[in-house]
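Written below as structure tokens is the structure these notes are about.
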Amino acid sequence: MRMLLRLIGLLILIGIAVVLGAIFIPAHRTAALTDLPANYETPKGAGEQVAIAADCMACHTAPGGKLFAGGRAIDSPLGKIYSTNITPDKKTGIGRYTFDDFRAVLYDGIRNDGAHLYPAMPYPSYRKMTEEDVRALYAYMMNDVAPVESTPPATRLPFPFNQRWGLRLWNLVSLPPVGFKPHMGDARLDRGAYLVEALTHCGSCHTPRNKLTFAEKAYDSRSAEFLTGATLNGWPAPDLRARDSAAQSWNDDQLAALLTGGRNATDGVSGEMALAVEHSLQYLSKSDIEAIVSYLKAIKQDRPAAGVSPPRSSPEPTAELLASASPQLDLGARLYLDNCNACHFTNGHGAKSVFPRLDANSLVTSAEPGGLISVILNGDAMPSTEQRPARLAMPGFGWRLKDDEVAALATFVRKSWSNNAPAVTAADVAKLRNAMRAEH
């Protein structure tokens with residue numbers, strides 16, 4: 001018994017020591033990975049291109065707010081995390097950050113006061129950035145971005161997640177090695193890997209996370225789980241690697257069109273991806289988009305898509321059913337004719353490059369119906385881009401459809417044509433609707 005008590009006491013002391021160390025011992029800050037010449041100058045325009053690829057503006061600009069002044073609410077399973085002011089304002093922004101301070105933010109998630117950032121800021125991906133790109137981004141943020149004196153709302157997560165020292169332990173077990181090592185064996189594919197794995201941080205949404213720490217399960221394509229789909233705040237981020245996923249089913253031109261224009265012949269972006277296209281991807285160079293497309297195609301996996309229901313072997317005769325306009329149609333079919341048919345048509349194919357196809361659409365057939373329910377309730381809009389300037393929008397129907405009606409409509413769409421996804425219940429709709437009301 002004494003031995004057991006001594007062992008318990010020793011473990012308690014070790015635990016206390018670890019906690020005190022995490023709180024009071026300064027965290028390690030990664031040094032430069034490349035020794036650049038003392039007279040190194042950032043190429044003109046490089047910093048802005050890095051900021052665009054890294055999608056800094058989308059997260060650090062609040063709706064209706066000033067550029068990079070922070071305040072955008074980022075939903076997380078733990079609560080809302082507000083983005084910070086990253087303009088060079090010396091009082092409320094990063095104006096007093098040295099270059100080493102700035103690198104520590106990107107590589108280690110550590111502010112200049114030593115506090116840890118929540119990994120809603122994708123520093124697990126940014127830690128693969130090259131020294132040249134970190135320098136370019138620093139020069140751009142400090143010299144080309146207008147300083148804005150603005151203090152965003154404070155992030156207030158519940159205990160124990162408000163104890164930021166705990167993120168030091170999270171970093172210890174969750175972060176990938178620092179630096180990017182080419183691993184594709186081809187210059188263009190390695191450029192695509194760098195863009196996807198580091199700057200554009202695609203894995204932040206499209207890679208599944210573990211349930212214990214909510215960290216991404218993988219950070220590059222050498223892992224079988226990288227970019228195989230995830231669910232974030234009820235929205236599905238589709239699998240990008242499976243042989244029958246949309247990304248692999250489209251040809252190179254169709255995939256590039258979606259990334260740069262927000263839509264292609266059969267589909268359009270929605271949710272967080274719309275922000276990524278509008279503020280980041282559409283402005284990448286043609287060669288960088290080609291590198292991303294080539295990389296995604298090169299990491300294709302020979303398996304069915306994860307997180308979606310496989311199509312029917314014999315599609316339902318939905319078009320004929322809807323065309324009959326029979327008074328005996330069930331509620332879901334009648335609601336489809338009243339609310340959806342004008343744009344998406346009886347065949348569920350939509351209008352080429354205008355209205356997305358619903359038949360075999362991964363948002364529709366996802367195991368997680370939250371995205372589809374949200375679109376029916378609130379509507380959605382595809383981004384305005386240089387290639388596709390019209391901001392095509394779908395109206396929301398939540399104001400006039402009850403929970404059971406939304407469920408019937410969603411279920412009809414998920415089970416029509418070649419779709420064969422599980423039904424949606426009124427309770428599913430009520431849960432999402434109540435959550436949205438609570439946010440407002």
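T84 contributes atom OG1, which lies 5.0 Å from atom NE2 of H60 (distance to the nearest 0.5 angstrom). Atom CG of L432 sits about 7.5 Å away from atom CG of N378, to the nearest 0.5 Å. Atom OH of Y283 is separated from atom CD1 of I289 by 12.5 Å, given to the nearest 0.5 angstrom. Distance check, rounded to the nearest 0.5 Å: CZ of R433 to CG of D403 gives 4.5 Å. Note that CG of D244 and CD of Q301 are 11.5 Å apart. Values are rounded to the nearest 0.5 Å. Here the SG-NE2 distance, from C59 to H279, works out to 9.5 Å after rounding to the nearest 0.5 Å.
The shortest distance between side-chain heavy atoms of S204 and S125 falls below 4.5 Å. Counting only heavy atoms from C-beta outward, the side chains of Y82 and R72 never approach each other to under 4.5 Å. Between M141 and P88 there is no side-chain heavy-atom pair separated by less than 4.5 Å. Using a 4.5 Å heavy-atom threshold, the side chains of Y295 and S221 count as touching. No side-chain heavy atom of V308 sits less than 4.5 Å from a side-chain heavy atom of P238. Between K217 and R209, the closest side-chain pair of non-hydrogen atoms is not below 4.5 Å.
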- [ ] List the steps and the verdict of side-chain contact (heavy atoms from CB on, under 4.5 Å) for V429 and I376.
- [x] CA-CA 10 Å; V429 179; I376 294 173; over 6 Å; no

With side-chain contact (heavy atoms from CB on, under 4.5 Å) as the test, would you mind laying out the steps for L392 and V354 before giving the verdict? CA-CA 8 Å; L392 300 178; V354 180; 3.8 Å; yes

Can D108 and T30 be said to form a side chain to side chain donor-acceptor pair (under 3.5 Å), step by step?
CA-CA 7 Å; D108 307 307; T30 303; 2.7 Å; yes

- Could you please spell out the steps behind the side-chain contact (heavy atoms from CB on, under 4.5 Å) verdict for S270 and W235? CA-CA 10 Å; S270 57; W235 278 76; 3.6 Å; yes

**Asked** Hey, mind stepping through L232 and E272 against side-chain contact (heavy atoms from CB on, under 4.5 Å) and telling me if it holds?
**Response** CA-CA 10 Å; L232 293 178; E272 295 297 319; over 6 Å; no

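Of all heavy-atom pairs between G47 and T42, the closest is N-CG2, 4.5 Å. Annotation for I81 and Y118: closest pair CD1-CB, 3.9 Å, computed over non-hydrogen atoms. Taking both residues in full, the closest heavy atoms of I74 and S83 are given as CD1-CB, 4.5 Å, listed atom of the first, atom of the second, then distance.
The side chain to side chain contact (heavy atoms under 4.5 Å, CB included) check on A367 picks up nothing, with sequence neighbours excluded. Listed by chain and residue number, Y336 satisfy the ring pair (Phe, Tyr, Trp, His ring centres under 6.0 Å) test with F412 (two or more places apart in sequence, or in another chain). Applying the ring pair (Phe, Tyr, Trp, His ring centres under 6.0 Å) test to F180 and every residue at least two apart in sequence or in another chain returns Y194. By the ring pair (Phe, Tyr, Trp, His ring centres under 6.0 Å) test, Y126 pairs with H201, sequence neighbours left out. Applying the side chain to side chain donor-acceptor pair (under 3.5 Å) criterion to D55, with sequence neighbours excluded, gives no partner residue. In this view, H206 satisfies the ring pair (Phe, Tyr, Trp, His ring centres under 6.0 Å) rule with no residue, not counting sequence neighbours.
Among the candidates R29, R96, R111, the single residue satisfying the salt bridge (Lys or Arg N to Asp or Glu O under 4.0 Å) test with D101 is R29.
One side chain, T266 or W250, offers a donor N or O that lies under 3.5 Å from an acceptor on the other. There is a side-chain donor-acceptor pair under 3.5 Å between S418 and D359.
Checking side-chain atoms of S280 against main-chain N and O of I52 turns up a donor-acceptor pair under 3.5 Å.
In this structure, R357 does not pair ionically with D267, as no charged nitrogen and carboxylate oxygen lie closer than 4.0 Å. Salt-bridge check for K91 with D89: failed, with every basic side-chain N at 4.0 Å or more from each acidic carboxylate O. Using a cut-off of 4.0 Å between Lys/Arg side-chain N and Asp/Glu carboxylate O, R222 and E197 are scored as not salt-bridged.
Within a 6.0 Å sphere centred on CG of D35, heavy atoms belonging to other residues, nucleotides or ligands number 12 at most. Within 6.0 Å of atom NZ in K66, 12 or fewer heavy atoms from other residues, nucleotides or ligands are found, so the atom counts as exposed in its surroundings. Counting non-hydrogen atoms of neighbouring residues, nucleotides and ligands closer than 6.0 angstrom, the CZ atom of R243 exceeds 12 such neighbours. Surrounding NZ of K431 are at most 12 heavy atoms belonging to other residues, nucleotides or ligands under 6.0 Å away.
Two rings, from F102 and Y97, have their centers 6.0 Å or more apart.
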